Trainee: 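The structure is given below, and queries will be raised subsequently.
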Amino acid sequence: MKALRNFLDKVKPSFEEGGKFHAFRSVFDGFETFLFVPNTVAKRGSHIHDCIDSKRAMSIVVIALMPALLFGMYNVGFQHYLVHGEEASFWATFFYGFLAVLPKIVVSYLVGLGIEFTVAQWKGEEIQEGFLVSGMLIPLIVPVECPLWILAVATAFAVIFAKEVFGGTGYNIFNVALVTRAFLFFAYPAKMSGEKVWISQDTICGLGSNQALVDGFTGATPLGQAVSSTTITDAIGAGMSPMDMIIGLYPGSIGETSVIAIALGAIILLWTGIASWKIMISVFAGGILTACMFNAIGANEVMNLPWTEHIFLGGFCFGAVFMATDPVTSPRTECGKYIFGFLIGFIAIVVRCLNPGYPEGMMLAILLMNVFAALIDYCFVQANIKRRLNRVNK
Amino acid sequence: MSEVIRIKKGLDINLKGKAKEISAKVETSELFSVRPDDFHGITPKVTVHEGDKVKVGTVLFYSKANPELKFVSPVSGEVIAVNRGDRRKVLDIRLKSDGQFASESFSKVNPSSLSSDEVKEALLNAGYFAFIKQRPYDIIANPNDCPKAIFVSGFDSAPLAPNYEYLMVGREEDFQFGVNALAKLTKGKVHIGINAESASKLYKGTQGVELHEFIGPHPAGNVGVQIHHVDPINKGDIVWVVNAQDVAMIGAAFRTGQITFGRSIVVAGSCVKKPAYYRVTVGECISNLVAGNVEGENLRYISGNPLTGTQIPSDGFLGAFDAQISVIPEGDKNNEFLGWIMPRLNKFSVNHSYFSWLLGKNKEYDIDTNINGGERAFIMSGEYDKVFPMDIYPEFLVKAILAKDIDKMEQLGIYEVAPEDFALCEFVCTSKIETQRIVREGLDYLRKELA
């Protein structure tokens, strides 16, 4: 470590003002603070500080995403071999999925971090860690067949127009990863929905199956099927029990299918307190109550979906655990978090039930509530102000 | 006796190097210093020159805005320097003690028998008035005001803070005299916040005060928190606050007829060999207290506690309002490798991504001055709320201050807070935002704009 430190100290001057690599100052800075905790000491104010920092907070979220990512990789391979009717070993299945998903992670990080590094250099600031999380979320919420160039365009759009123009990490109004998805969804609808995009059918680097697709193959996600039929099947037309839905071996966005993997992430987030349990719980409460309400009405197929399936299928769990709890785009008052979460759950189910054009409502629900987060805060802050005024008049 | 007020939000930081209740003796220093910056909110007009002879209570400077508000020498001896900085700003007045502590005259009388104006005049002339602060703004009180109440916090809950029960032993009579004097200065009551978990014999025996018992973690001992729960400050209200020891200091002058600025302090911290209590004088040089009594090389000396104190050199001086010298390690040469992802079992965090919450409340931590990260925008939410026991949204208030939105600051309760109330927010902040500095600047800005 000492040698590494000495090396960094030696090359540091060439990255500073006037050095020959000054154009890469932000990159050097990013790596230096990544390797060694900065030796910054308190100058005024509190002389001691808690040892949490934003790198820690962000990397905990990335760690919490790992179960969903690993399962997503396995599922991509599993679906591939399933629809080709071929048995494959665990490692072959996983490795196929790994090869299918890895390019998306690389593209997302390269594009996003590239923009972040450039902006940090331009503004003369430190690199902010926010994109560490967004960059991992983005590959997990897209279909496996989403073309890389489209993913690159969408990521660039989201980082620039949803984050940097507002001032960078901490100032954005919308969840960056969801803006990426919304951009994809509305700009390239054919690549984001339908029956073709959820299952990777080609071989990758020689890995995968060359056999013809099995009979009864359907590439639609369970929620897509729910719009038009009463029975929900997996990719080869076999029926699905609630247990199958919880395990998550069915077509869908890469990270969203397994309730178990997401639950592992939720445990990490709640244990560490990085995500707000208030938001998480109330998203589920809102979703369950609304689903039950629509069950009572029962005017179309989706309304008749039991609440368990609403929760288990699609992006509901993933959104509730990883997206709605983004501290920057959710309310900052503790009471506001309950309302915010509840309305996300409510709107997500309403979109699913009342608008068959969009099988999935979670993305729109969270983006819509991002807009209202500030309004919810405003109401609670205003109540506090009123209490203070009443004190004078008493 | 009113019921116990329970403070639920807050945080006790269990630092290594707490002092046991031992009084140690050390040779009184020759060097003393009075820093106008300690007395926030005044512009000093210096009245002494290098070489002038002074006694305890001789005026060194007065406030330009209120010439009757005088700041005096804590020792008898000689002025050895008036140090000035940029734009001739007075940094400090350096004094050399003759060891006699000869005092200017002061009337030996029970303040109960004096009128309000007589008490005020006596305090102003002896320089004691400078030890009365006012809320809002957390500045030295204006003698022309009549506060709605006077608050004294009877204990200090900050990390490594001295135990007032021990500090004030045998000062019952002084304290009573001091309270009698303060009672003359307000149309309201004198409130004392005491720790419900300790005996507080001293305070419970005091006449003419209203006692309020508090229980809970730091900042339960902050006078601002106590005011908030007893009689919150509204716009237009003025409340004065005095340190418990300074009440006794004022009382001692009335009781003995001698002006003294003696004070018991604690020297503590993980780098102090023998943390203990000492009897010193305001503004005294700390070199005798720390020389040979500290271990380690790269140290930070703080006048006050590690959350709110002022950094001073190893031969610096005790601040006017401080009853504590803390010595903790500097953190500027750590070069901690990948620290942000390590388990860091020996480091303290309120966040559960570390394990300090599982290691029990009794584990003591040696925290250095490293801020453990870089400054960021507000990211995590709800962190401040957990350590801020007032009905105020601290984060929204800080944002209103940053935006210089005066109306919002008023509405969100800036009149009730002082920078020290935000010390824990600053400690727990993931984004390493300097909240105490922001609040200080906000209060100063507001005062300037509304003047």
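In the text below, chain A, chain B and the rest are named by the order of the sequence lines, each starting its count at 1. Just so we're clear, the structure is a prediction, and the values are computed from it rather than from any experiment.
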Trainee: Going by distance alone, is a donor N or O of one side chain under 3.5 Å from an acceptor N or O of the other, for B/E410 and B/Y415?
Mentor: yes
Trainee: Which one of B/R376, B/E395, B/Q436 has the most heavy-atom pairs closer than 4.5 Å to chain A?
Mentor: B/R376
Trainee: Counting heavy-atom pairs closer than 4.5 Å to chain B, which one of A/V381, A/T169, A/I52 comes out on top?
Mentor: A/I52
Trainee: I need the residue from A/Q128, A/K55, A/K43 with the largest number of non-hydrogen atom pairs under 4.5 Å to chain B.
Mentor: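 Option with the top pair count is A/K55.
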Trainee: Looking at residues at least two apart in the chain, or sitting in another chain, which of them share a side chain to side chain contact (heavy atoms under 4.5 Å, CB included) with A/I173?
Mentor: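 With neighbours one apart ignored, the set is A/F166.
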Trainee: Tell me whether A/R388 is salt-bridged to B/E416, with the criterion being a basic N under 4.0 Å from an acidic carboxylate O.
Mentor: yes
Trainee: Charged N to carboxylate O under 4.0 angstrom, A/K163 versus A/E116?
Mentor: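 Salt bridge between A/K163 and A/E116, a charged N being under 4.0 Å from a carboxylate O: yes.
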Trainee: What part of A/R5 lies closer than 4.5 angstrom to a heavy atom of chain B: side chain, backbone, both or neither?
Mentor: side chain
Trainee: Where does A/E126 contact chain B at under 4.5 Å (heavy atoms): side chain, backbone, both or neither?
Mentor: side chain
Trainee: Looking at A/V328, A/D326, A/L8, which one has more heavy-atom pairs under 4.5 Å with chain B than the rest?
Mentor: A/V328
Trainee: Please enumerate all residues that pass salt bridge (Lys or Arg N to Asp or Glu O under 4.0 Å) together with B/K18, with sequence neighbours excluded.
Mentor: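 If we apply the salt bridge (Lys or Arg N to Asp or Glu O under 4.0 Å) test to B/K18, skipping adjacent residues, the hits are B/E364.
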Trainee: More than 12 non-hydrogen atoms from neighbouring residues, nucleotides or ligands closer than 6.0 Å to OH on A/Y378, yes or no?
Mentor: no
Trainee: Looking only at side chains, do B/N305 and B/T308 share a donor and an acceptor under 3.5 Å apart?
Mentor: yes
Trainee: Taking B/K432 first and then B/E375, would you say they form a salt bridge - that is, a charged N and a carboxylate O separated by under 4.0 Å?
Mentor: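 A salt bridge is absent here (no side-chain N lies under 4.0 Å from a carboxylate O).
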Trainee: Is there a donor in the side chain of B/D368 and an acceptor in the side chain of B/N334, or the other way round, less than 3.5 Å apart?
Mentor: yes
Trainee: Taking all heavy atoms of B/V398 and all of B/F378, pick out the closest pair and write down the distance.
Mentor: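 Looks like CG1-CZ, 3.9 Å.
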Trainee: Before accepting this row, confirm whether a basic side-chain N of the pair A/D50/B/K347 lies closer than 4.0 Å to the acidic partner's carboxylate O.
Mentor: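 Here A/D50 does not pair with B/K347 in a salt bridge, since their nearest N and O are not under 4.0 Å apart.
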Trainee: Do we see a donor-acceptor contact under 3.5 Å between the side chains of B/N372 and A/D53?
Mentor: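 The answer is no; no qualifying pair exists.
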Trainee: Any residues in residues 380-388 of chain B near chain A, with a heavy-atom distance under 4.5 Å, and which are they?
Mentor: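 So far as heavy atoms go, B/M380, B/S381, B/G382, B/D385 are the residues that approach chain A to under 4.5 Å.
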Trainee: Below 4.5 Å, heavy-atom pairs only: which of A/C51, A/G130, A/G170, A/G168 has the largest tally toward chain B?
Mentor: A/C51
Trainee: Name, in order of residue number, those residues of residues 268-281 of chain A that have a heavy atom at a distance of less than 4.5 Å from a heavy atom in chain B; otherwise write 'none'.
Mentor: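 The list, in residue order, reads A/W271, A/T272, A/I274.
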Trainee: By a 4.5 Å heavy-atom criterion (distance strictly below it), what part of A/A42 contacts chain B: side chain, backbone, both, or neither?
Mentor: both
Trainee: Name the member of B/T430, B/I371, B/L307 that forms the most heavy-atom pairs with chain A at distances under 4.5 Å.
Mentor: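 Going by pairs under 4.5 Å, I would pick B/I371.
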Trainee: Side chain, backbone, both or neither: which part of A/T33 has an atom under 4.5 Å from a heavy atom of chain B?
Mentor: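 Just its backbone gets close to chain B.
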Trainee: Do A/I376 and A/M369 come within less than 4.5 Å of each other through their side chains, counting heavy atoms only?
Mentor: yes
Trainee: Given a strict heavy-atom distance threshold of 4.5 Å, which part of A/K337 is in contact with chain B: side chain, backbone, both, or neither?
Mentor: side chain
Trainee: Out of B/Y365, B/Y393, B/W357, which one racks up the most heavy-atom pairs below 4.5 Å with chain A?
Mentor: B/Y393
Trainee: Would you mind checking which part of A/I385 comes under 4.5 Å of any heavy atom in chain B, side chain (CB onward), backbone (N, CA, C, O), both or neither?
Mentor: both
Trainee: Count the heavy atoms of every other residue, nucleotide or ligand shown that sit under 6.0 Å from OH of A/Y171, and state whether that count exceeds 12.
Mentor: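 Open: at most 12 neighbouring heavy atoms sit under 6.0 Å from OH of A/Y171.
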Trainee: Flag the one option from A/E129, A/M58, A/Q382, A/K386 with the top tally of heavy-atom pairs under 4.5 Å to chain B.
Mentor: A/E129
Trainee: Measure A/L389 against the heavy atoms of chain B and call it side chain, backbone, both or neither at under 4.5 Å.
Mentor: neither
Trainee: Which bit of A/F380 is near chain B, if near means a heavy-atom gap under 4.5 Å: side chain, backbone, both or neither?
Mentor: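 Contact with chain B: backbone and side chain both.
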Trainee: With a 4.5 Å cut-off on heavy-atom pairs, point out which of B/P419, B/G304, B/A377 contacts chain A the most.
Mentor: B/A377
Trainee: Determine whether the side chains of A/T333 and A/D377 contain a donor N or O and an acceptor N or O closer than 3.5 Å.
Mentor: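 Yes, because at least one side-chain N or O of A/T333 sits under 3.5 Å from a partner of the opposite role on A/D377.
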Trainee: Which one, B/I13, B/I367, B/T310, B/T435, leads in non-hydrogen pairs under 4.5 Å with chain A?
Mentor: B/I367
Trainee: State, yes or no, whether a side-chain contact exists between A/L137 and A/M323 at a heavy-atom distance under 4.5 Å.
Mentor: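 Heavy-atom side-chain distance check passes, below 4.5 Å.
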Trainee: Pairing donors with acceptors under 3.5 angstrom, does anything connect the side chains of B/N370 and B/D332?
Mentor: no
Trainee: Taking NZ, NE, NH1 and NH2 as the nitrogens, is one of them in B/D391 or A/R387 under 4.0 Å from a carboxylate oxygen of the other?
Mentor: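 Salt bridge: yes.
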Trainee: Please rank B/A423, B/P232, B/S431 by heavy-atom pairs under 4.5 Å with chain A and give me the top one.
Mentor: B/P232
Trainee: Quick one: which of A/I60, A/I63, A/L35 has the most heavy-atom pairs under 4.5 Å with chain B, could you say?
Mentor: A/L35
